[in-house]
Protein chains: 2
Amino acid sequence: MANSASGDSVVDRIVRLLSAFPEDVSALQLSELAERSGLPLTTAHRLVRQLADHGLLDAAPGGLVRPGLRLWELVNRTAPTLALRQAAMPFMEDIQQVLNQNVNLAVLDGWDALFVERLSRRGSVANRARVAGRMPVHTSSAGLALMAHQDRLLQSQYLDQFADPDGKVATDAVRLLLSETFHQGFAQLKGVVDPDTWGIAVPVLDARQRAVASLGVVVPLREMRLQALVPALQTAARGIARRLGDA
Amino acid sequence: MANSASGDSVVDRIVRLLSAFPEDVSALQLSELAERSGLPLTTAHRLVRQLADHGLLDAAPGGLVRPGLRLWELVNRTAPTLALRQAAMPFMEDIQQVLNQNVNLAVLDGWDALFVERLSRRGSVANRARVAGRMPVHTSSAGLALMAHQDRLLQSQYLDQFADPDGKVATDAVRLLLSETFHQGFAQLKGVVDPDTWGIAVPVLDARQRAVASLGVVVPLREMRLQALVPALQTAARGIARRLGDA
DNA sequence: GCACCGCTTCCGTTGAATGGGACGCTCCCA
DNA sequence: TGGGAGCGTCCCATTCAACGGAAGCGGTGC
């Protein structure tokens, strides 16, 4: 901007401001927001007021700032995941009712699985896969199911990430995981997230057999009915794929 | 901005850009986006690129623009409705299963009910209450349930809206609706949205008996078990309120 | 081959964005 | 009770980032 700036644009600043809100919640003091976003207090104050004028933020008197309803509305009525969510919800509900387990839906974003929707079982084991949460590909069954069914090119780019620290060992391990996942048709991760749970996920494939999403469940470690879970998930995943194709 | 501008700030422009996406979907041509947002093509192009650099938009080559995953993520992990949604989901699922009807959750924003969550029954009648959709207070059972349990001050400000065109007639009609809703403890609207449906909604009340949300169902017109629906909704609403209070 | 249309890049102009400084408030501790 | 710390808010001269018209480029249809 004008005047000796840190070299970033207004857009940068706005993104920094929006990103500054911590994962869990909601209300933040103006001064803290300024510090978190690395902006001078004055600048943060002005931007917050401007954003609040549009309802993208909600600035309570006293400098208490929280995300605005209008921002939520704008994003959620045009979200890139809207069609996916609509197609998937009925099947996720079926899974939830029939298997009585936590169900989640994820897409691939960078090298993470981004969880788009989640239904949790009552009295369930903890499910870390929060909505809008992320998990690295190789530490989540959802991530593995997604990555295992991608372009060769993307996969090798992904695997290159692991080459840095330790040569090829880590790379080979992940490659093996992906290969198993691909050939089995589902990903299974035992106790990575939470030592007492299994994660199981299947890909939702498009017409070219690329994973556009993953459908998964998180079940207690003692649960032994894996054989029953996988076909149910795969059936649901096909149903989702069909509805996506229709639209 | 710099140079003879239309008098709006960068923030204004960004909001115009984000708001320009039509309700239904997702991909928009750059030129069309520019026109919808009322920005010069060049400006729209530059802003889109900047926003795309941060993942807030997704600019495909050829000028095809869609909302970005990162924006969705940012908003949905810090959303003002997050706690509400988490508290409400289990109860909404219960309602959906027990009553086998469409369920929706709304909050008041301005003079509209803003629908925050929705579960739809399989093979159900059409439910216009889309997620992130809006309906005016007086044309939705959710809106009535919300407005009937607000400050006197807010209510009278709301009612003043109707004074303009036709004197007091419309105002009195709405006032009556609100009063009925308040004393009954639930709102009921027959065939306003869709001639073949009922809308029924109850408020989720905080400790001061103010509605922070509404819980509603949309049922086919022939459905006669109103007496069974209302207590179930009220019970669920109390459950939601209790979980909100705990947190 | 020409004309059209849309995305992209370039570049001189300029006023909007910037942020240090000052003010006023409240709260807390001496 | 008085002083000081911490906070949000307002002011305003400086200046560089944002602006957008114009030209370039690639594709498509006549």
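Below, read A as the first sequence line, B as the second, and so on, with proteins coming before strands; counting in each chain starts at 1. A quick note: this is a predicted structure, and the numbers were derived from the prediction, not measured.
Around atom CD of B/Glu35, no more than 12 heavy atoms belonging to other residues, nucleotides or ligands sit under 6.0 Å away.
Counting only heavy atoms from C-beta outward, the side chains of A/Glu117 and A/Met89 approach each other to under 4.5 Å. Taking the side chain as every heavy atom from C-beta outward, B/Phe21 and A/Leu74 never approach each other to under 4.5 Å. Between B/Val137 and B/Leu108, the closest side-chain pair of non-hydrogen atoms falls below 4.5 Å. Put simply, the side chain of B/Val103 reaches to within 4.5 Å of the side chain of B/Leu215, judged on heavy atoms.
Within 4.0 Å of A/Ser31, counting heavy atoms only, lie sugar-phosphate atoms of the nucleic acid but no base atom.
Of the residues in residues 44-52 of chain A, A/His45 come within less than 4.0 Å of DNA chain D through at least one heavy atom, sorted by number.
Shown here for B/Leu57 and B/Pro67, the closest heavy-atom pair between the two residues is CD2-CA, 3.9 Å.
Relative ring orientation between B/His138 and B/Phe162 is described as perpendicular, the plane-to-plane angle rising above 60° on a 0-90° scale split at 30° and 60°.
Protein atom CG of B/Leu17 is 15 Å distant from nucleotide atom C1' of D/dG20, rounded to whole Å. Separating the CG atom of B/Leu41 from the P atom of C/dC4 is a distance of 19 Å, rounded to the nearest angstrom. Rounded to whole Å, atom C1' of D/dG20 lies 11 Å from atom CG of B/Leu39. Taking atom CG of A/Asp53 as the reference point, atom P of C/dA17 lies 12 Å away to the nearest angstrom. When the P atom of D/dA18 is taken as reference, atom CG of B/Asp12 falls 15 Å away, rounded to whole Å. Residue B/Arg13 contributes atom CZ, which lies 13 Å from atom P of C/dG15 at whole-angstrom precision. In this structure, CG of A/Asp8 is placed 12 Å from C1' of C/dA17, rounded to the nearest angstrom. Atom CG of B/Leu30 and atom C1' of D/dG26 are 16 Å apart (whole Å).
At least one side-chain nitrogen or oxygen of A/Gln29 sits closer than 4.0 Å to the OP1 or OP2 atom of D/dG8. Phosphate proximity of C/dG19 to A/Thr43: present, with a side-chain N or O under 4.0 Å from OP1 or OP2.
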